[in-house]
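Notes for the one structure printed next.
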Amino acid sequence: MRWSLDALYPSFDSEEFQRDMERCEEEIKEIIQWSGENFTTYDHPLEKIAAYIKRQNHFFHLYTRLLSFGELSLSVSAKDERALRIVEQLEAKETELAKPMVMFQKWIGGLENLEEVIESSGSLKEHAFYLMEIKKNGKYLLSEAEEILIAKMKNTGSNAWSKLQELLSSTLLVDIHVDGEDKKLPLPVVRNMAYAKDSDRRKKAYEAELKAYEKVAESSGASLNGIKGEVITLSRMRGYGSVLEKTLMDSRMDQETLDAMLTAMVESLPAFHRYYRKKAELLGHENGLPFYDMFAPMGDVKMEFTYEEAKDFIVKNFRSFSDALADYADHAFEKGWIDAEPREGKRGGAFCSNLHGIKESRILSNFTGTFNDVSTLAHEMGHGYHGHCLNEESYLNSDYPMPIAETASIFCETIIQKAALKEASEEERFAILESSLMGAGQVIVDIYSRFLFESELFKRREEGSLSVEELKEIMVNAQKQAYGNGLDHNILHPYMWVCKPHYYYASANFYNFPYAFGLLFAKGLYAEYLKRGTKFVQEYDQLLAITGKRSIADVAATMGIDIRKIDFWRSSLKIIEEDIETFISLKK
Ligand SMILES: [Zn+2]
């Protein structure tokens, strides 16, 4: 149940690792020098672009191999100071590449016949999307001096505000009376009590949590105003129509797609409200679900799996989809690509790291034998399979945007969940469905409330700073609109803007709708799979292979799916709505 990292390097002290660290340093110097010499004139554009792409692909191949080795070592051994130092060293090194990258962007921006140049060469054509995207984004760059100034000022501006918020939330202690004692507990511990079996504990935790936010609300509010203020200033100076426009461009998505998705989401809200009201009724509430019972566990899943059984279950059910997917999973289990055993010093949760350079992946999970753990393993294997489908692409062509990042993972999770539901007893089915609906509610309903909140926040921030009272009012209104009569309007969560870190990332605004996109796109693909059967399977692999070199709409279009049409999103939501109806009928 432990992975092997030997395929990357034998150890930090090994000759191979030391040699690659030195090469990495040399290559950075070379790129900086070479860019300085070449991006001052426009002669031989084809050769220059080809050479730049080659250098970049080569460098990142080497760099990510080193970084992955450091990060993966660290993830299973948090106290490994050597690994920590190396990761920090590598991250610092990479920032030196910012200058040649800006130079290249500006140079590409000034190249008038870029399309012609691309057309004239096979290797450039292969990177056409990457190059055209650089040209498009280059329009929003300011002068080199301004860019450097902005980068430096950010460290004392938005980045400093983000750090303050991180500090506030990670050191906040909540006063709470539990287990017959007065305690001061860290915020995550208290928030986790929302999943407690005991209803009194959930309610107490919620009340104590809200009370604790009063201590940091003013400072958090100042951070939020600072960050969003800077974002607005920069967005205007760069010439974007709005902050949302920039976010969509970074996501390789368009407004039409976002509108279609949001429209379908709004249409589906009444179904979610029915789910919340049913859950409220089962927990004995009359006016909809109080916020503190949103994550209350329901039903009992007795399904237990040994690691070996989990493997068999996953491989068997993946095989019902395709041999390629099943073979990938089997290989990952057999070849030591998975670190599944929980142990001290290892980080919690789960993730998948795709090692493009050696065409492998590594999966970390903390397997304890619950059905949830099996589902998580399947999820991470989906990420790994996505990487597997990208193996033949260059490094620059395998970087996909956030909204599409969860496609393969949720798809695999869906395969496993559907299979488990078939074998489950009625009580187990109820518990599995409920926990999946709880998750979907977060991704559709709560994400919609966050989108509403952030839209209103930007609108008002244009006029000036917002007070804590205003922020609370906007949050509560957004929740009322999204959750409708599903939640008890007297027991909402006015401080969600303090507790979610996503609002405080200056370089990622509206870090909400990509989650909804991820879930719904994967579900929509699953609906297509049910319709098209085996024909779908090959097209699906092809779709994953091009996710790093097309806009999202073009990726979907290769399968004949039009994500600008509301109907596609409706078909995704229909799958969840059917689950809601089943959930309700199970407890009639
Ligand atoms: Zn994931």
Side-chain angles (χ1 to χ4, degrees), residues 3 64 68 71-72 75-76 250-253 261 310 314 317-318 321 325 328-329 332-333 337-340 342 346-356 360-368 370-391 398-418 420 432 435-444 446-447 450 500-502 505 508 510-526 529 540-541 543-545 547-548 552 555 572 575-576:
W3 63 30
T64 50
S68 300
E71 285 178 337
L72 292 172
S75 68
V76 289
D250 293 344
S251 309
R252 295 179 183 163
M253 205 171 138
M261 181 180 85
I314 289 175
N317 287 298
F318 278 5
F321 177 74
L325 180 61
Y328 166 80
F333 276 109
W337 291 7
I338 307 170
D339 201 299
K346 177 177 164 176
R347 57 158 279 183
F351 69 79
C352 173
S353 170
N354 287 328
L355 310 172
H356 191 255
E360 293 186 8
S361 40
R362 289 296 178 277
I363 289 168
L364 178 143
S365 82
N366 283 274
F367 186 84
T368 59
T370 66
F371 171 67
N372 231 341
D373 293 338
V374 180
S375 185
T376 301
L377 264 182
H379 178 104
E380 300 308 334
M381 297 226 148
H383 284 302
Y385 187 68
H386 192 171
H388 174 77
C389 291
L390 282 161
N391 273 345
S398 55
D399 189 21
Y400 43 82
M402 166 76 183
I404 218 152
E406 294 298 333
T407 306
S409 54
I410 298 176
F411 193 91
C412 281
E413 219 184 302
T414 309
I415 294 177
I416 289 305
Q417 202 198 66
K418 296 272 169 202
I432 293 173
S435 122
S436 137
L437 288 173
M438 188 157 77
Q442 283 300 292
V443 179
I444 305 302
D446 200 70
I447 284 293
R450 296 189 217 177
K500 289 287 165 197
H502 306 76
Y505 305 145
F510 290 99
Y511 199 167
N512 35 58
F513 70 81
Y515 285 101
F517 186 102
L519 176 75
L520 295 177
F521 189 59
K523 293 272 179 199
L525 284 181
Y526 196 82
Y529 163 54
Y540 175 72
D541 288 1
L543 175 136
L544 293 179
T547 44
I552 301 188
V555 168
S572 308
I575 300 181
I576 304 172

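Counting convention: from 1, in listed order, for ligands and their atoms alike. Note that this is a predicted model, so its numbers are computed, not measured.
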*Going by the angle between their ring planes, with limits at 30° and 60°, are Tyr328 and His388 parallel, tilted or perpendicular?*
tilted

*Provide the protein N, O or S atoms situated under 2.8 Å from the Zn ion (ligand 1); waters are not included.*
His379 NE2, His383 NE2, Glu406 OE1, Glu406 OE2

*Is a side-chain donor-acceptor pair under 3.5 Å present for Asp373 with Thr370?*
yes

*Does the ring centre of Phe321 sit less than 6.0 Å away from the ring centre of Phe411?*
yes

For residues 511-525, dump all side-chain donor-acceptor pairs below 3.5 Å to protein atoms at least two apart in sequence or in another chain.
| from | atom 1 | to | atom 2 | distance (Å) |
| --- | --- | --- | --- | --- |
| Asn512 | ND2 | Glu454 | OE1 | 3.3 |
| Tyr515 | OH | His502 | NE2 | 3.3 |

*State which residue, out of Trp3, Phe367, Phe333, fulfils the side-chain contact (heavy atoms from CB on, under 4.5 Å) condition with Ile338.*
Phe333

*Out of Glu380, His386, Arg362, which residue meets the side-chain contact (heavy atoms from CB on, under 4.5 Å) rule with Cys352?*
Glu380

